[in-house]
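What follows is one structure encoded as structure tokens, with my remarks underneath.
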Amino acid sequence: MKEDKKDLSFEESLEKLETIVKELESGNAKLDDAIKKYTEAMNLASQCSKTLDDATQTVNKILKENGSLEEFNIED
Amino acid sequence: MQDKYISITKLNNYLKAMFDNNPVLQKVYLKGEISNFKNHTRGHLYFTLKDENSRLSAVMFAGNTYNLNFKPEDGMNVLVEGRISTYPATGAYQIYVDKMELDGLGNLYIEYEKLKKKLSSEGLFDSKYKKEIPKYPSKIGIVTASTGAAIKDILSTIKRRYPICETILFPCLVQGEYAAPDIVKQIKKADEFDLDLIICGRGGGSIEDLWAFNEEIVARAIFECNTPIISAVGHEIDFTIADYVADLRAPTPTGAAEMAVPTISDVVFKIKQLQIRGSKCMTNMLKLKTDRLNLVKDSYILKNPLAIYEVKEQKLDNYIETLNSIIEKILRNKKHQMLMLANTLKLVNPLNILENGYSLVTKDDDVINSASLLNKDDEVNIRFSKGNIKAKVMEVEQ
């Protein structure tokens, strides 16, 4: 199994999680594989959940004329 | 006296010269409605321009009609450019039209239809070019004005639904003649950032307000952009060229934000569901495998390993039994055969005949069946049914 979890985006992780669960549900996997897959799935799931939990309110930015990014607040 | 009278021609020529020498009349811009439209066989157009109170004859020579982007008809409101002069034959003044276009929306509509047709035939609207909109974007670029309802709606919707998403605003003009190049510039800039998605648009307005999104350069910039683009121009009913080219069209800026990001609680729920499904699978699988293992473990053979031999032994016994019975049968047959042979032998035994009073003469173990075989004084053996005698030949009779 490749150790590429760190590089996966949230979307990729979630998609991978979906794929693995579907594979598990197909019931075709051998027990050894299934255990590996299951472990991976649970890791992915907790990773995804963590991303969601950890995400503090992200800042909105605006690209300035000089090319710099600054915080952008919309006046209500 | 007569000299003060001049000819009509002279007057008309004089008047024509007056018109032609007036710089103001050399280039006039008029706005009016077409009536009495006639398309001369030689290609010149003759018509009257009018408003509520006045009318003016107009002629557009064939040489100028090539640039017309519409077919003039009675009742159309047009903008014309030309010079005022007279036609000496009648003395009537009229406008000689150089350029004519539909007034207001009519003209915009024609341009819109023309561009739509052109881009469509080039394939810019083809679904095969539509890029997939990512389901869970982490960074979204927004190309719109930094003030106004659109950016407010987009940001507040994203914040409400999916606050973990970063946004970068690429501010641009969204109406007026500089809007289109500005939109193009910002789309290109946004495309250089590592964005998952771009939302490009503006809030509602008149068709003229939205016009920048019907410009060819904007359409091409959207088409060439490598980042997926959701267009969000005006209201639900407004369909701009940008909407056709974009990878996804949203009815409004708020709608674009809703299409761009999922609701975070849905995502949390989805992950939970996936976790549950995964665990359930694992539990089921383990139970299934355990059951199967138990079934095998409980099998008769594993519980009674000797049974393996029992079976074999029984088989062996069967074989032996079969063998025995075969041998017995063979023996029986042979015995029977022997008895039969003995009986037959008994029947054919030559000695049996002796019992009837016959006797058997042998000489040196040869059976004598003819007197000629013997000579006088030969010693013979005579066998009776019971007992033997030795005898001497006294005489041989032939």
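Sequence lines set the chain letters: A, B, ... in the order given, protein chains first and strands last, and positions in each chain run from 1. All of these numbers come straight from a predicted model, not from anything done at the bench.
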Engaged part of [X] at the chain A interface, taking heavy atoms whose separation is under 4.5 Å:
| X | value |
| --- | --- |
| B:K185 | side chain |
| B:K289 | side chain |
| B:L286 | side chain |
| B:K189 | side chain |

> By a 4.5 Å heavy-atom criterion (distance strictly below it), what part of A:A41 contacts chain B: side chain, backbone, both, or neither?
Replying inline: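 Nothing of A:A41, per the 4.5 Å heavy-atom cut-off to chain B.
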
>> For A:F10 and B:Y162, take the angle between the two ring planes, folded into 0 to 90°, and tell me which bin it lands in: parallel under 30, tilted 30 to 60, perpendicular over 60.
In response: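 Ring orientation, 0 to 90° scale: tilted.
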
> Taking the side chain from A:E18 and the backbone from B:L274, do they hold a donor-acceptor pair closer than 3.5 Å?
Replying inline: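 No, A:E18 side chain to B:L274 backbone: no donor-acceptor pair under 3.5 Å.
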
> Taking B:S156, B:P134, B:G141 one by one, which has the highest count of heavy-atom pairs under 4.5 Å against chain A?
Replying inline: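 Ranked by heavy-atom pairs under 4.5 Å with chain A, first place is B:P134.
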
>> Can you tell me which of B:P137, B:C165, B:S138 forms the most heavy-atom pairs within a distance under 4.5 Å of chain A?
In response: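 Counting heavy-atom pairs under 4.5 Å, the top option is B:C165.
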
> Which one, A:L69, A:L17, A:N60, leads in non-hydrogen pairs under 4.5 Å with chain B?
Replying inline: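 Counting heavy-atom pairs under 4.5 Å, the top option is A:N60.
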
> chain B: which of A:I35, A:I20, A:T51 shares the most heavy-atom pairs with it under 4.5 Å?
Replying inline: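 Result: the option with the highest number of such pairs is A:I35.
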
>> What verdict does the side chain to side chain contact (heavy atoms under 4.5 Å, CB included) test give for B:S146 and A:F72, after you've listed the backbone C-alpha separation in whole Å, the side-chain angles of each residue and the deciding distance to 0.1 Å?
In response: CA-CA 9 Å; B:S146 60; A:F72 177 67; 4.3 Å; yes

> Can we say A:E15 and B:K270 salt-bridge, meaning some charged N sits less than 4.0 Å from an Asp/Glu carboxylate O?
Replying inline: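 Answer for the salt bridge query: no.
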
